[in-house]
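Right, one structure below, let's go through it.
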Protein chains: 2
Amino acid sequence: MQFSQRVETMQFSPIRKFNPIAARVKEKGKKVYHLNIGQPDVETPDCFMDAIKAYNAAVIKYAESGGVTQLQDAVIDYYKTYGIELERGDMIVTNGGSEALTMAFLSLVNPGDEVLVPEPFYTNYHTFLTTAGGKIVPITTKAEEGFSYATREQIEPLITDKTRAICCITPGNPTGNVLTLDEMRLVCEIAKEHDIFVIADEVYREFAYDGRPVTSFGMLPEYSDRVIIIDSVSKRYSACGARIGLLVSKNKELMSYAMKIAQARLCVSTVDQIGSASLFKLPASYYEEVKAEYCGRRDVVYEEMMKIPGVVCRKPGGAFYMTVKLPVDNVEDFLMFMLEEFEDNGETVMFAPAEGFYATPGLGKDEIRIAYVLNQKDMKRGAELIRLGIEAYNAKKGK
Amino acid sequence: MQFSQRVETMQFSPIRKFNPIAARVKEKGKKVYHLNIGQPDVETPDCFMDAIKAYNAAVIKYAESGGVTQLQDAVIDYYKTYGIELERGDMIVTNGGSEALTMAFLSLVNPGDEVLVPEPFYTNYHTFLTTAGGKIVPITTKAEEGFSYATREQIEPLITDKTRAICCITPGNPTGNVLTLDEMRLVCEIAKEHDIFVIADEVYREFAYDGRPVTSFGMLPEYSDRVIIIDSVSKRYSACGARIGLLVSKNKELMSYAMKIAQARLCVSTVDQIGSASLFKLPASYYEEVKAEYCGRRDVVYEEMMKIPGVVCRKPGGAFYMTVKLPVDNVEDFLMFMLEEFEDNGETVMFAPAEGFYATPGLGKDEIRIAYVLNQKDMKRGAELIRLGIEAYNAKKGK
């Protein structure tokens, strides 16, 4: 019996692959601070479960393939607060942002086609694009430069006749990089000149700090026919287990093709859609509160990381991640040390080695991604454990 | 801007494409009996929403990529009642049966590979297989023969070096054909001889009538390393809007590859999983009740269809569909007539033209699929309207 090349090529999640080791260590009584996964501890707003509990249908029926009207209308109102005008036909409700990305790639990419993605990138982009037979062409970015990439010099030389889209995530996972509206405009301008799409992953939209305004590729109506926005309730509303995402575009042909895929898989969870409709109706104050919380966490982690001699990190502007270059030779080796050998008062910390976020071989071996998804006290302690761990690791190595 | 060949090739749902016309007709006051889609009117058991309402997590977190333990254990107990022994690692909880089928095809099929599928087939198989770059090779079946196909003569000549699997749905959509355990064994034997997989779509498992026992490819442990079972709560528990399906296999290599895809899309709706765990715990009496209800509906429709001169239909043994050959020249034309011209006391009926369920060009033009998803009284009336409609249509055509 044979298997497909695509599943043989796909990588196992580099974020999840150390979980079995962590589980074993925890069973032995060591406490592990999990800074490795993007699962926030922020409470999901009550309105989500309240709306579901109030749902009284005798038959839990298929929803419309594009999404239930109630949710679509709440999304339209939410986008309107940012001056972005949508109609119901401009969106398909998806199984999380993941399915929206998959639909976008399946709609645009033939086997062998290329999509430009800044690296380090959200690792599952690789799997979704592999599903479509496509290939990531990385726009390589550097910790020293705050992982910035939105310049003509960095993007344009990478475009070939196989390029189908530029895929930007802003605010960014895993780097926290935030594009300005001018940078978005430049990306769109380049896309227009080469007649390709822009896939804009904006699932962290509101998490932009230090006075940065909320920005969206949807705010550039002159390019709306080539912009595909990926959205999700997961991070914005701390509702990762409600698998509700959105594919949003004004390009009617794209939406018509994506709808073929959507119709085949019938629909998305009815109750999650009902609950999510209430989330999109939350007042602006909700975003302010959550943003303040994450910003405070970022400050604590950043301050703590800056105490480590040799660390390279620019203060990230958004999302809830930072990618940090550490003064260690091999981060996966360092993580194994942290799990199996290191402890401070019975505690250690886990983070995501960044190598899996790079397409270019050899890059990221000395970098980690920290997700600031725990409260300030735990984040401070987690970062402190990284600092103490580096001292112990390098002492052991005789450095 | 370019789109992928795959989305250009995919068909729009032949089941849903007449919906806009039906909507227009209904706005004008005509009543339409919907026998065209597999959305039953049977109530979802209360335990589904009760379990969700009792779920009190402060954070709606990502579930495990393979599914929540609570649901997996309920599934294990359910399969045990049929003598099928599963472990947690033998299953991945999916976004409906749809995602399970997609994962199976993505794991087995390289571009250009073939999967044998009896035709007429559930139309979305075409879309899912196209996503993987594969091609349906139809095992053509006939209304006159009750759509049977499980013989060596029908299957074996179609196998080539590009064949990766035989995909059977039993009880069947759209034909109602049910495989016996001996027929399943033959399919597995052929698969073994040619070293290919069997993909067994068993989402209608309990809906087998006239004393037929519940059967499953899982009941043949000697072939378990090459069997992939697709399962779902949608039909069994009338919970189509709870997007919970299952990919089940004892083949560890397959499950490991499928898990790469599952991890990339993170997880399936947490609340739907909680609700579905309670569904799998329903007592055997639940299946008996629902089966009796559907069987009664089938009898009513079958009796009514047999009154139509020239109709070809063998009484289907399971699921809640029948595919019927009608004495009309063109079924799509007949459906348009039914919607736009025909009425009896202000009522008409809608069904699915079967042409879209065939891969072989030209087949199915005089066949329809009836879904017996309404109560007996409505089903009788719906079938009667088909009979009256045929008389009116053929009279108009001068036959």
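- Within the 4.5 angstrom heavy-atom criterion, no atom of B/Thr130 approaches chain A.
- The side-chain heavy atoms of A/Lys135 and A/Val109, taken from C-beta on, include no pair separated by under 4.5 Å.
- Proximity to chain A is absent for every atom of B/Leu101, based on heavy atoms less than 4.5 angstrom apart.
- In this structure, chain B has no heavy atom under 4.5 Å from any part of A/Tyr237.
- For A/Met49, the part lying near chain B is the side chain, with the backbone staying farther off; criterion is any non-hydrogen pair under 4.5 Å.
- When ring centroids are compared, A/Phe105 and A/Phe128 stay outside the 6.0 Å threshold.
- Minimum interatomic distance between B/Pro45 and B/Leu282 (heavy atoms only, all atoms of both residues): CG-CD1, 3.6 Å.
- Contact annotation for B/Arg226: both backbone and side-chain heavy atoms come within less than 4.5 Å of a heavy atom of chain A.
- Top candidate by heavy-atom pairs under 4.5 Å with chain A, chosen from B/Ser98, B/Ser4, B/Gly38, is B/Ser4.
- For A/Pro40, the part lying under 4.5 angstrom from a heavy atom of chain B is the backbone only.
- Options A/Val59, A/Asp272, A/Asp113, A/Thr270 differ in how many heavy-atom pairs under 4.5 Å they form with chain B, and the most are formed by A/Val59.
- Chosen from B/Ile196, B/Ile60, B/Asn124, B/Val271, the residue pairing most often with chain A at heavy-atom distances under 4.5 Å is B/Ile60.
- Between A/Ile244 and A/Phe48 there is no side-chain heavy-atom pair separated by less than 4.5 Å.
- Taking B/Thr44, B/Leu254, B/Asp225, B/Ile261 one by one and counting their heavy-atom pairs under 4.5 Å with chain A, the maximum is reached by B/Thr44.
- Among the candidates B/Ser238, B/Ala239, B/Ser107, the residue making the largest number of heavy-atom pairs closer than 4.5 Å to chain A is B/Ser107.
- The heavy-atom pair separating B/Ser232 from B/Gly97 by the smallest distance is CB-N, 4.0 Å.
- Taking both residues in full, the closest heavy atoms of A/Gln11 and A/Gly356 are given as OE1-O, 3.7 Å, listed atom of the first, atom of the second, then distance.
- Taking each heavy atom of A/Cys267 and B/Arg243 in turn, the nearest pair found is O-NE, 3.0 Å.
- Contact annotation for A/Asn56: only side-chain heavy atoms (C-beta onward) come within less than 4.5 Å of a heavy atom of chain B.
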Pair B/Tyr257-A/Arg6, side chain to side chain contact (heavy atoms under 4.5 Å, CB included): steps then yes or no: CA-CA 9 Å; B/Tyr257 286 132; A/Arg6 79 171 66 75; over 6 Å; no

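- Neither the backbone nor the side chain of A/Ile37 comes within less than 4.5 Å of any heavy atom in chain B.
- Every residue meeting the side-chain contact (heavy atoms from CB on, under 4.5 Å) condition with A/Glu64, not counting sequence neighbours, appears here in chain and number order: A/Val68.
- The residue among A/Glu43, A/Lys61, A/His194 with the most heavy atom pairs within less than 4.5 Å of chain B is A/Lys61.
- Heavy-atom pairs under 4.5 Å with chain A were tallied for B/Thr127, B/Thr123, B/Asp195, B/Val268; the largest tally goes to B/Asp195.
- Looking at A/Asn95, only its side chain comes within 4.5 Å of chain B, counting heavy atoms on both sides.
- Residue A/Gln273 does not touch chain B at all, counting heavy-atom pairs closer than 4.5 Å.
- The stretch residues 258-268 of chain B participates, sequence neighbours left out, in these side-chain hydrogen bond (donor to acceptor under 3.5 Å, both in side chains) pairs: B/Glu99-B/Arg265.
- Proximity to chain B involves both the backbone and the side chain of A/Ala132, based on heavy atoms less than 4.5 angstrom apart.
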Audit row: B/Met10, B/Thr131, side chain to side chain contact (heavy atoms under 4.5 Å, CB included) steps and yes/no: CA-CA 9 Å; B/Met10 284 174 184; B/Thr131 298; 3.4 Å; yes

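- For A/Glu8, the CD atom sits in a packed shell: over 12 heavy atoms of surrounding residues, nucleotides or ligands are nearer than 6.0 Å.
- Looking only at heavy-atom pairs under 4.5 Å with chain A, the residue among B/Ala57, B/Ser65, B/Ala165 that has the most is B/Ser65.
- Ranked by non-hydrogen atom pairs under 4.5 Å with chain B, the options A/Ser269, A/Ala63, A/Ala242, A/Ser234 are led by A/Ser269.
- Between A/Phe121 and A/Tyr125, the angle of the ring planes stays under 30°, which puts this pair in the parallel group of the 30/60° scheme.
- For A/Leu108, the parts lying near chain B are the backbone and the side chain together; criterion is any non-hydrogen pair under 4.5 Å.
- With a threshold of 4.5 angstrom between heavy atoms, A/Asn251 approaches chain B through side-chain atoms but not through N, CA, C or O.
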